[in-house]
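Structure first, then comments.
Note that these values count all heavy atoms, side chains included, but never hydrogens, waters or copies made by symmetry.
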Amino acid sequence: MTSATQATKRDPKLERIRNIGISAHIDSGKTTLTERILFYTNKIHAIHEVRGKDGVGATMDSMDLERERGITIQSAATYATWKDITINIIDTPGHVDFTIEVERSLRVLDSAIMVLCGVAGVQSQSITVDRQMKRYNVPRVAFINKLDRTGANPWRVIDQLREKLHLNAHAVQLPIGLENDLKGIVDLVEMKAYYFEGPNGQDIKITDIPDELKDQANEKREALLDAVSLFSDELTEEMLEGTPSEARIKEAIRRGVLALKFVPVFMGSAFKNKGVQRLLDGVADYLASPYDVENTAKEIGNEENELILDSDPEKPLVCLAFKLEDGRYGQLTYVRVYQGRLEKGMTIYNSSNNKRHNIGRLVRMHSNEMEDISKAEAGDIVALFGIDCASGDTFTDGKTKLTMESMFVPNPVISLTIECKESKQLPNLAKALNRFTKEDPTFQTEIDKESGQTIIKGMGELHLEVYIERMKREYGVDLVTGAPQVAYRETITKSAEFDYTHKKQTGGQGQFSRVAGYIEPIPQEEGKDYEFVDKIVGGSIPREYIGSCDKGFRSCLERGSLIGFPIIGVRCVINDGAYHDVDSSDMAFQIGARYGFRQGFSKAAPIILEPIMRVEVEGPNEFQGAILASVNQRRGMILNTTEENGYAKIEAEVPLADMFGYSTVLRSSTQGKAEFAMEFSKYAPVPRNVAEELMKKYKVNNKDEE
């Protein structure tokens, strides 16, 4: 990848900035690692654990809910200095329900640390994180954590990185001892042994490699040099001449990392304070500065023209708002500056709506604490106060009309109906929903047209649980939640004709239209929900009313006649009709088309479709039977079962309607040791008994309607 600023003189200060994210599967030790990084960089002066007995909790888990549950819910930003390198760090959640936090962080970061558990290795969420890193072309180093735990095996994890994630991963370190005997690491570039001593591992002792590890170290170093010599002809020459220099090896590793073709693997145990300082050295040596990553923006009005942004403070400002929070002093907007500089008091323009904003307050974040600053330059991640915008908006200084691509937002998979226990809490509920939907694009809310109920949608049960709890704590809103509504769909299974004449005479101008044709199913693989085909010849329906027929058909798709859900996969073809010179109108043809559609729909053997989720369950082999049983009980279809290193992985397709409450059932049947991830796969017909039940319920609820 070419640097964005080869023509520009590189600023040494900017070369020493690293914008990094720490991402991993849940419970791999991301927040613990961040806590150690902050301690060793003198950003904090005492270490607190994620589920600490001292009641303080980790620095980056600033929300009470995070400390109680021992999980990260929101990504938190901080900054630290290691030697002469400034590191902006974002600690992201590992739980699949909070995946948007990872998406938005990786969108603005230059590189990342991928943390893996030394026992569990590559898990389901590691695969998601890998996919996200590849989506945004983020260079990364890997850190195999928890090598102090029973069953830790870093070589197995490296094999999984290669096989499951197809990464060119090689160890740059070797552990000295494993499990309870973990004492330190051997650096394969310097060929030195590092021991981390003192109460918090801050006293580093450097010695020669222990005799019993020399052979293994030489073998692993050989493999490392073979892999990275592909990125440097100079290194290959040095290897042929004898002993390659440290600087040359590091330069080759860095080139491979920045080209997204190599992943150096570091090792240690954040909890036992081993290996973190050497990981920080790796961040400084191998990860990208703002100069090393190419960032682009598009010209407004000329979307085809893509410009490469220059990490130059003197050029016109371009920055991206990637995260919003409702703070004590109003909306806090996190921005990444890609070009130019932000200064207190300057005027900036929102590219999406051309609104002007004055910067009243500019801050640098450290978890939930902030430090006021007067300016920020290209490469910085800072926060602004009092700017009304949406997540993903681009800001400029008005000299350029540019917009940056926003992040990928996955669709919600689960919904709940909510209702206030007391009507006086309604204004607070509106405030809470307004704030949370603005902050989190995967948390959505809508009013159901038919029932008038408020529905919230999210990425999983935990996601919605957390927001319900936050509404109670932060807004004093007590909610009653109803059964989640599954997004059923209706469709047809065969072709059927319709021929409907609409006549209405009410004194003065009447209404007349005749619409004839047929409707037929669209195969799912075509990926179309609706198609309108005009086969009218000879002007039996005038051209100006063809669009009216399309409108009429479309209005029927919103609500099917079986259970009142949207209709998909229908092709409507009109091939005949009639009109009246005086009584025909746009509305008459819309109504005619609507009744024609209903006539055809009832004859086309309509069925109900339900969303089918692709579910991946992972757990220890001993619980494989229990996991399979739990999937089978939910009308699940097992696609694949694999066993590896004591862990079973089951892939299945399960109807969403049967997945509610699954996390609780899975936890109780596997002693909390298994976990699952799911995403939408396809729509499929519901079994006849389920369809009959749904239609019966719909009739009872709608008996008052016509």
Using the ring of Tyr195 (Phe, Tyr or Trp, six-membered ring only), decide whether Lys205 places NZ or CZ under 6.0 Å from its centre and within 45 degrees of its axis. yes
Any ion pair linking Asp281 and Arg278 (charged N to carboxylate O, less than 4.0 Å)? yes
Evaluate the salt bridge (Lys or Arg N to Asp or Glu O under 4.0 Å) criterion for residues Arg156 and Asp159: first the C-alpha distance (whole Å), next the side-chain angles of each, then the deciding distance (0.1 Å), finally the verdict. CA-CA 5 Å; Arg156 187 183 71 214; Asp159 287 342; over 6 Å; no
Run the numbers on Ile20 and Leu109 for side chain to side chain contact (heavy atoms under 4.5 Å, CB included), then give the verdict. CA-CA 6 Å; Ile20 67 166; Leu109 293 167; 5.7 Å; no
Test side chain to side chain contact (heavy atoms under 4.5 Å, CB included) applied to Val665 and Arg634, step by step: CA-CA 11 Å; Val665 170; Arg634 290 175 154 64; 3.6 Å; yes
Tell me whether Thr41 contacts the main-chain N or O of Leu38 through its side chain, where contact means a donor paired with an acceptor under 3.5 Å. yes
Any side-chain heavy-atom pair from Leu628 and Ile650 closer than 4.5 angstrom? yes
Should Lys682 and Glu653 count as an ion pair when the cut-off is N to O under 4.0 Å? yes
Leu167 CG to Leu161 CG distance, which is reported to the nearest 0.5 Å: 6.0 Å
Looking at Arg614 and Glu651, does any basic side-chain N land under 4.0 Å from a carboxylate oxygen? yes
Are Tyr467 and Phe436 an aromatic pair, judged by ring center distance below 6.0 Å? yes
When you compare the side chain of Thr642 with that of Asn640, does any pair of heavy atoms fall below 4.5 Å? yes
Is it the case that the side chain of Glu197 and the backbone of Gln202 share a donor-acceptor pair, with hydrogens and angles ignored and the cut-off at 3.5 Å? no
Between Arg248 and Glu251, does at least one N-O distance fall below 4.0 Å, as a salt bridge requires? yes
Gln277 side, atom CD; Trp82 side, atom CH2 - distance, nearest 0.5 Å: 5.5 Å
In Å and rounded to the nearest 0.5 Å, what is the CG to CG distance from Leu147 to Asp181? 12.5 Å
Please name the residue in the list Asn218, Thr243, Asp208 that meets the side chain to side chain contact (heavy atoms under 4.5 Å, CB included) test with Met191. Asn218
Under 3.5 Å, is there a donor-acceptor pair between the side chain of Thr236 and the main chain of Ser229? yes
Kindly indicate whether the side chain of Met239, heavy atoms from C-beta on, has any atom under 4.5 Å from the side chain of Leu225. yes
Answer whether the closest heavy-atom distance between the side chains of Leu178 and Asn153 falls below 4.5 Å. no
For the residue pair Phe262 and Ala227, what are the closest heavy atoms and their distance? CE1-CB, 4.0 Å
Candidate pair Val276 and Ile37, rule side chain to side chain contact (heavy atoms under 4.5 Å, CB included), full reasoning: CA-CA 7 Å; Val276 179; Ile37 288 173; 3.8 Å; yes
Which heavy-atom pair separates Asn200 from Tyr40 by the least distance, and what is that distance? O-OH, 2.6 Å
SB check Lys164 Asp130 (cutoff 4.0 Å): no
Is there a side-chain contact between Met114 and Phe143 (heavy atoms, below 4.5 Å)? no
Between Arg254, Arg18, Arg255, which is the residue that forms a salt bridge (Lys or Arg N to Asp or Glu O under 4.0 Å) with Asp292? Arg254
Report yes if some heavy atom in the side chain of Lys146 is under 4.5 Å from a heavy atom in the side chain of Phe271; otherwise report no. no
State whether the side chain of Asn19 and the backbone N or O of Gly379 hold a donor-acceptor pair below 3.5 Å, judged by distance alone. yes
If you measure from CD on Glu465 to OG1 on Thr481, what distance do you get to the nearest 0.5 Å? 9.5 Å
Might you point out which heavy atoms bring Asn273 and Pro199 nearest each other, and give the distance in Å? ND2-O, 3.9 Å
Pairing of Lys192 and Asp187 as salt bridge, 4.0 angstrom limit: no
Strictly distance-based, threshold 3.5 Å: is any side-chain N or O of Arg140 a donor or acceptor partner for the main-chain N or O of Met133? no
Which value, rounded to the nearest 0.5 Å, describes the distance between Leu182 atom CG and Met267 atom CE? 11.0 Å
Chi angles and distances behind the side chain to side chain contact (heavy atoms under 4.5 Å, CB included) call for Cys117, Arg149: CA-CA 9 Å; Cys117 171; Arg149 283 183 54 194; 3.7 Å; yes
For residues Asp110 and Val293, report the shortest heavy-atom separation together with the two atoms involved. O-CG2, 3.7 Å
With side chains defined as the heavy atoms from C-beta onward, is the minimum distance between Pro154 and Phe266 less than 4.5 Å? no
Nearest heavy-atom neighbours spanning Tyr662 and Val631: OH-CG2, 3.7 Å
Do side-chain atoms of Ser232 reach the backbone of Val228 as a donor and acceptor pair under 3.5 angstrom? no
Taking Asn145 for its side chain and Leu116 for its backbone only, find out whether a donor-acceptor pair lies under 3.5 Å. no
For Ala193 against Ile209, the heavy-atom pair lying closest together: CB-CA, 4.1 Å
Using modelled atom types and a 3.5 Å cut-off, is there a donor and acceptor pairing between side-chain atoms of Ser111 and backbone atoms of Ala288? yes
Ile144 versus Val265: any side-chain heavy-atom pair under 4.5 Å? yes
Roughly how far, to the nearest 0.5 Å, is CG of Leu174 from CG of Leu224? 11.5 Å
Just wondering, are more than 12 heavy atoms of other shown residues or ligands nearer than 6.0 Å to CG in Asn180? no
